[in-house]
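To start, the structure under review is shown below, and the notes come after it.
The chains referred to below are lettered A, B, ... by the order of the sequence lines, with proteins before strands, and numbering in each begins at 1. Since we're looking at a predicted model, the values are computed, not measured.
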Amino acid sequence: AQKVTQAQTEISVVEKEDVTLDCVYETRDTTYYLFWYKQPPSGELVFLIRRNSFDEQNEISGRYSWNFQKSTSSFNFTITASQVVDSAVYFCASNTGFQKLVFGTGTRLLVSP
Amino acid sequence: DSGVTQTPKHLITATGQRVTLRCSPRSGDLSVYWYQQSLDQGLQFLIQYYNGEERAKGNILERFSAQQFPDLHSELNLSSLELGDSALYFCASSGGLRMNTEAFFGQGTRLTVV
């Protein structure tokens, strides 16, 4: 069975600091997909990224970057030069390509001015 | 805007009642998924429909049911409501059977049972 662990319950940083959100996944499948979602205070789930198990290239999108390491079963998310608008709960999730997403418990990020 | 529309956004109802949550998927998406987000259980998969047919079930209670209509919108019916059913209910849609593409979620329906 799949499992996603986000050990950091809450992280507080000051604006402009870099912050990394950890995600560790467990799966027996060789083909799987990893996702990150952002849930701002308004409540919606905003898709950030999807990665498949065959693509270990790191990805950068503006201030966001993702580090996928199969050797440690991790898919960490870094926000560079954080901003107040980055304050949200961030969820890591995985699936095998079929059916349901399995979500981690989320990491609440608080960015203060 | 994800393109997935959920109504209503908020719902307050009493225990024992029945409610219907509605979801319109993104244009062209055939799969609809329902998720429940509660404080104690986190985000949990409930059920998936693909082109009108049920394809997968998660931890969905027997008091809950869903369907997908020919126009591809979906409804989640919750009956005999209990206080513990208070949660944020999300609908998501994707193009095919698999949720390995970008999966887009609606804004959710916040259900409060009093």
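Atom CD of B:E62 has 12 or fewer neighbouring heavy atoms from other residues, nucleotides or ligands inside a 6.0 Å radius. For A:I60, the CD1 atom is loosely surrounded, since the number of other residues' heavy atoms within 6.0 Å does not exceed 12. Around atom CG of B:L61, more than 12 heavy atoms belonging to other residues, nucleotides or ligands sit under 6.0 Å away. Shown here is A:R108, whose CZ atom has no more than 12 heavy atoms of other residues, nucleotides or ligands within 6.0 Å. The environment of NZ in A:K3 is sparse: at most 12 heavy-atom neighbours from other residues, nucleotides or ligands sit within 6.0 Å.
Side-chain N or O atoms of B:Y35 include one that pairs as donor or acceptor with a backbone N or O of A:L101 at under 3.5 Å.
A distance of 11.0 Å separates CD in B:Q44 from CZ in A:F103, rounded to the nearest 0.5 Å. The distance from atom OH of A:Y37 to atom CZ of B:F90, rounded to the nearest 0.5 Å, is 11.0 Å. Rounding to the nearest 0.5 angstrom, the gap separating the CD atom in B:Q107 from the CG atom in A:L45 is 10.5 Å. To the nearest 0.5 Å, the span separating NZ on B:K9 from CD on A:E44 amounts to 9.0 Å. We find the CG-NZ distance between B:L43 and A:K100 to be 12.5 Å, quoted to the nearest 0.5 Å. Distance check, rounded to the nearest 0.5 Å: CG of A:N95 to CZ of B:F45 gives 10.5 Å.
Note on B:Y89 and B:L81: same hydrophobic cluster, where clusters join Ile, Leu, Val, Met, Phe, Trp and Tyr whose side-chain heavy atoms are under 4.5 Å apart, directly or indirectly.
With a 4.5 Å cut-off on side-chain heavy atoms, B:F105 and A:Q39 do not count as touching.
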